[in-house]
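Every value quoted in this text rests on a predicted model; they were computed, and no experiment measured them. Labels below follow one simple rule: chain letters A, B, ... track the order of the sequence lines, proteins then strands, and each chain is numbered from 1.
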Amino acid sequence: MELSGGQIVVQYLKDEGVEFIFGYPGGAVLHLYDALFHQDDIKHILVRHEQAATHAADSYARVTGKPGVVLVTSGPGATNAVTGIATAYMDSIPMVVISGQVPSAVIGSDAFQEVDMVGITRPCVKHNFLVKDVKDIANILKKAFYVATTGRPGPVVVDIPKDITDPSVKIPYKYPKKVSMRSYNPATKGHSGQIKKALDLLLTAKKPMIYAGGGVILSEASKELIKLVETLGYPITHTLMGLGGYPATDKQFVGMLGMHGTYEANMSMHESDVIIAIGARFDDRVTGKLDRFCPYAKIIHIDIDPASIAKTVKVDIPIVGDIKSVLKEMLALIEEGHNKTNVTALAAWWVQINKWREVNCLEYNRESRLIKPQYVIEQLYEVTKGEAIITSDVGQHQMFASQYYHFNKPRRWINSGGLGTMGFGLPAAIGAKLAYPEMEVACVTGEASIQMCIQELATALQYETPVKIINLNNRYMGMVRQWQEFSYESRYSHSYMEAIPDFVKLAEAYGHVGIQIDKPEEVRPALEEAFALKDRTVFLDILTDRTENVYPMIESGKAHNEMKLRVAIDTPINRELA
Amino acid sequence: MRHIISILIENEAGALSRVAGLFTARGYNIESLTVAMTEDKTLSRMTLVTHGSDRVIEQITKQLNKLIDVVKLIDLEDAVHIERELMMVKIKTSRESRQEMKRTADIFRGKIIDVTPYTYVIEMTGTSAKLDSFLAVIDEKSIIEVVRSGATGISRGEKGLHL
Ligand SMILES: Cc1ncc(C[n+]2csc(CCOP(=O)(O)OP(=O)(O)O)c2C)c(N)n1
Ligand SMILES: [Mg+2]
């Protein structure tokens, strides 16, 4: 088969099984767009800003586990995509971004819409390529998909100069079946000796903790994790990225840990004597002050990326390998009879943990006459029966969603954890809905975040992706305001929102349904109405209590046992603590 | 501690900037970096001299290994090795100081490779520390220019860094 470079790209993507391309055209990719025009196997989703293309593709990857694919033009198209590439990079999301480049002959001459995409993205991609010969396209794309999806996944950029896709230059094409890269051999199996040692240590624990992160989800290891937690009877906590890996409604789950984690999760971590970190990277939002992090614990760390191990925290037993494979091996050992835990100590440990639970750290004022954001999320959980995919933006609303929507399954909680990118939520909701049209998808957002990619309401209309936007509108950049309240004597420097648009009219202007509410008793009916409108995108603008804060909170420089709790929850243990 | 890290990397455009970029992005220091093609034209050899605690050096080698283009690397500090750096120094000389300068160069096994009525160019190889000490003993004011290659190194014995 003789094909042009542009046709090769399209044919390759078909052969790779790509369903969707999220993109935006421009001069440098016109040949490619022409090649796309002549087929209808791959669906192209025209976004309204390249940042949204990357977020939507990223979210598609998060919900399906398959790589997301993006196509953007050179220069501004490419730079607009960078935020989304960095977002995917920080959360290890497999994605292939194809960017157009000016013709090879003029590269380096400051040509129109030229930008050094390979240079700009170098620090925020797993790898990138500049295609220099039409004959290389298929092999480079093969490598790009291979690198993006194996090992610790991540985004890969393929920069293609315009002449490489020239329709008049045709060459034979064959889908490259195999790929080999002598410089890239990602680990798969863990070291058996280390796994045995880790299990031995784990079994001696008196106060064990299982601390599991996004790696569990990336590795599809939820089943194995559940089995491990159940067999050992140990408590488990998740990072923000791990939520859904283990069912949140199960009694062995002590909630999320870290800056806005539960009292019981953070206290258990602090007091624990053996911690097994599974696909988690001891991020600063998790550890708090490093030198006081888990002072009594021996640490086992399983991760596919050797560089993640001992990066910030000293580890006693490192295991480099794919989580699923390592857990399977560990479970096999347990089945062979290496399963004697310290039952008495464990019972005492649970007594202690349950006492911490009595603090009821997520309780809030339910008598308020203002809408509490926590209440909205609880109702959202009930109305969707906990079965929805929830995307979020960044801020207080994100934390409320993570705390009050109990994720019982993996790939249901879609948020920008590592980079914390405002603007992520709406395009992510569209990407998720395209992947699973039959599932409910809600975007929990704030009035500031939603305005960062609001233009995607048009994309939602064009491709009929009826997502529900739950706008927790506190008329503040709430998270910024909270920090200013705590650390800057309530000097709210530029953290309030003035000139907030009329979101109802705005939704309507984009062809959607807009609903605004401001009373607690309206929350449930409004949510029900929104989800009853099966084939409509609904923008639910919820005016919430402006002064609400996210608790518990570990302020910077503090340790896990120094959480700031919501006051005025009157329980015996709280009185004792006070 | 000072470490010499020897890297085999795909001879691709941009490979050097991936390594250099990693060091700036993560705040590691580079004392010197040398790059050249190897006998296998598809591979480059980089020798990188850096400083850091054991923790930092461990991270540096892990992060370097994580770069897709890096094929293999070793930390030469892990075993006995030989280190060499090439230096050329241009020195002002007068009739009176010439003999003295030549003697000093001889002690350090330096060679005079260019002579003009008022200057010498001295070529010298050795460990970076040896080159430093040569510079320390000659009169600072007489130095016109110092050109150093940065250190390279090779392990001793039968083992070597190759594919
Ligand atoms: C692109 C971007 N810019 C700035 C920030 C810093 N930031 C974090 S949370 C936040 C406020 C978000 O406000 P809103 O979306 O209304 O959410 P709320 O906290 O009020 O729930 C800001 C500005 C960010 N995370 N991302
Ligand atoms: Mg807000």
Side-chain angles (χ1 to χ4, degrees), chain A residues 86 89 92 104 107-108 116-133 136 140 143-144 146-148 150-159 161 179-187 281-282 290 301 303-315 318 320, chain B residues 1 3 5-28 30 33 35 37-46 48 50 52-75 78 160-163:
Chain A
Y89 180 67
S92 311
S104 310
I107 287 183
D116 174 13
M117 185 59 167
V118 167
I120 282 184
T121 58
R122 195 193 321 110
C124 61
V125 291
K126 185 167 172 189
H127 197 55
N128 55 22
F129 297 91
L130 173 66
V131 183
K132 291 191 182 140
D133 189 328
D136 297 338
I140 287 181
K143 284 183 185 172
Y146 172 58
V147 170
T150 52
R152 178 177 181 174
V156 174
V157 166
V158 181
D159 201 31
V179 58
S180 92
M181 293 171 74
R182 61 181 171 185
S183 62
Y184 176 67
N185 303 292
R281 60 187 177 91
F282 298 89
L290 263 182
H301 190 182
D303 205 292
I304 197 155
D305 175 12
S308 276
I309 294 178
K311 185 171 63 179
T312 56
V313 168
K314 219 180 123 273
V315 168
V320 177
Chain B
M1 251 271 272
H3 285 249
I5 297 171
S6 192
I7 307 166
L8 284 179
I9 189 165
E10 295 287 357
N11 184 14
E12 299 268 355
L16 175 61
S17 51
R18 287 184 208 279
V19 172
L22 172 71
F23 275 70
T24 34
R26 296 199 179 260
Y28 308 138
I30 298 186
L33 176 61
V35 195
M37 231 191 263
T38 63
E39 69 284 4
D40 173 351
K41 286 199 177 11
T42 65
L43 282 177
S44 296
R45 157 94 60 166
M46 284 189 196
L48 198 149
T50 182
S53 63
D54 290 351
R55 276 276 291 285
V56 170
I57 299 295
E58 182 184 330
Q59 262 301 305
I60 289 178
T61 53
K62 281 175 168 178
Q63 294 291 350
L64 283 168
N65 260 317
K66 200 169 147 179
L67 292 177
I68 304 291
D69 280 340
V70 168
V71 184
K72 249 183 182 178
L73 65 81
I74 50 166
D75 180 349
D78 289 345
L161 179 65
H162 47 71
L163 286 192

**Message:** Using a 4.5 angstrom heavy-atom cutoff, name the option from A:N185, A:L130, A:I309, A:V147 with the most pairs to chain B.
**Reply:**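 Among A:N185, A:L130, A:I309, A:V147, the one with the most close pairs to chain B is A:I309.
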**Prompt:** Which bit of A:K126 is near chain B, if near means a heavy-atom gap under 4.5 Å: side chain, backbone, both or neither?
**Reply:** both
**Asked** Does a donor on one side chain sit under 3.5 Å from an acceptor on the other, for B:T61 and B:D75?
**Response** no
**Asked** Cut-off 3.5 Å, side chains only: do A:R281 and A:S92 have a donor facing an acceptor?
**Response**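 On atom types as modelled, these side chains do not qualify, holding no pair under 3.5 Å.
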**Request:** For chain A, find which of B:R26, B:K66, B:R18, B:Q63 contributes the most heavy-atom pairs closer than 4.5 angstrom.
**Result:**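 Ranked by contacts with chain A, first place is B:R18.
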**Interchain contact, B:I9 with chain A, by part (heavy-atom threshold 4.5 Å)** =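 Neither the backbone nor the side chain of B:I9 comes within 4.5 Å of chain A.
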**Prompt:** In terms of heavy-atom proximity below 4.5 Å to chain A, should B:E12 be classed as side chain, backbone, both, or neither?
**Reply:** neither
**Request:** Decide if atom CG of B:D78 counts as having more than 12 heavy atoms of other residues, nucleotides or ligands within a radius under 6.0 Å.
**Result:**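 Count over threshold, so yes.
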**Prompt:** Side-chain contact, heavy-atom cut-off 4.5 Å: A:R182 with B:L163?
**Reply:**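 Sidechains of B:L163 and A:R182: in contact.
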**Message:** Are A:H127 and A:Y184 an aromatic pair, judged by ring center distance below 6.0 Å?
**Reply:**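 Here the rings of A:H127 and A:Y184 have centres that are no less than 6.0 Å from each other.
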